[in-house]
Amino acid sequence: MAEGIQIQVNGEQRGCQADATVGDLLRELAIKTERVAVELNLEILDRKEFDQRLLKQGDRVEILSFIGGGS
Amino acid sequence: MADDRLVIGGYEFKSRLFVGTGKYKDFAETKKAIEASGADVVTVAVRRVNITDRSKENLLDYLDPKKYTILPNTAGCYNVEDALRYARLARAAGVSDLIKLEVLGDERTLFPDTAGLIEAAKILVKEGFIVLPYTNDDPIVAQKLVDVGCPAVMPLAAPIGSGLGIRNPYNLKIIMEMIKVPIVVDAGVGTASDAAFAMELGADAVLMNTAIAGAKDPIAMAEAMKYGVLAGRLAYKAGRIPRKLYATASSPIEGML
């Protein structure tokens, strides 16, 4: 992926193509979209939006999923 | 006890033991322990996906959401805003509208911030969540949680992970008598007799994690907990005898020499 812009994903800086969508990023990271939640600049995205939302310079993306936990 | 089902927020459960999925050696052990426990409800936490090491397996590859009711929690949240954020993320991740709501007040005790808990519960109920709140053994707070729309209340037996067992059976008993929704005793049990005791008091279910995951043999303890909960439930329904200070012979005097 060409490094057009810089974004932050789960707290880490990374380069990303300028016209990439959230869906592109998830595919790049090999993350299955089922059972993950994505927050773009503190806004929780609907799964249907992943392929529509374009990433821009300085965006902060959080990708979360379920792990073991009790309380 | 075939018809002894527990219903919470439209969900129906056969087992009255809810289990967490933290602290296990690996996912294979998690899966075996949960199978041995017979639980239907399984709690999970919401955390960042590891994006640098994608070889890591996913917990839900081991726990089929079709087989288990996945109950995400807001563990680790110390204020209302964080709890709301995690609850919304959990729902966005798409397993259910259920949330085990935790708003913690203190790192050392992990006791709930009950004022924050009621506030967060009220907001999440309005957003359509089925809110199961982790709360203190305070009957007044329990009633307030019901008043804002929680379909069950989950008072602690003792601090999370402490294994101290039922520290305040009288408060829990008052909660069980006063509160008209299911009561799930959440956190603090150490062994099977603690689970049985909670059920004998009249709890509708017991939720635990460390008591199983931290045992020397988690899978055997999971099975012990299953029987502890079943035995306690049966004893509660059977109705125990009253406590008396002096003996009452159970063999007749009549016919003695």
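A, B, ... follow the sequence lines: proteins, then strands. Residue 1 opens every chain.
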- request: With rounding to the nearest 0.5 Å, note down the distance linking NZ in A:K32 to CG in B:D61.
  value: 5.0 Å

field: Nearest-0.5 Å distance, CG of residue B:L60 to CD of residue A:E34
entry: 9.5 Å

field: Side-chain heavy atoms of B:R48 within contact of A:S65, under 4.5 Å
entry: no

- prompt: Quick one: what part of B:I160 sits under 4.5 Å from any heavy atom of chain A, side chain, backbone, both or neither?
  reply: side chain

message: Give me the atom names and distance for the closest heavy-atom approach of A:F66 to B:N58.
response: O-OD1, 4.1 Å

- prompt: A:L45, A:N10, A:V36, A:L42: which one forms the most heavy-atom pairs within less than 4.5 Å of chain B?
  reply: A:N10

- prompt: In terms of heavy-atom pairs under 4.5 Å with chain B, which of A:I63, A:I67, A:I44 leads?
  reply: A:I67

- prompt: Just checking heavy atoms, which of residues 90-126 of chain B are less than 4.5 Å from chain A?
  reply: B:A90, B:A92, B:A93, B:G94, B:V95, B:K100, B:E102

- request: Measure distances from A:R35 to the heavy atoms of chain B and classify the residue's part below 4.5 Å as side chain, backbone, both or neither.
  value: both

message: Restricting to non-hydrogen atoms, name the atom on A:I31 and the atom on B:I51 that form the minimum distance, rounded to 0.1 Å.
response: CD1-CG2, 4.0 Å

message: If the threshold is 4.0 Å, N to carboxylate O, is there a salt bridge linking A:E39 and B:R85?
response: yes

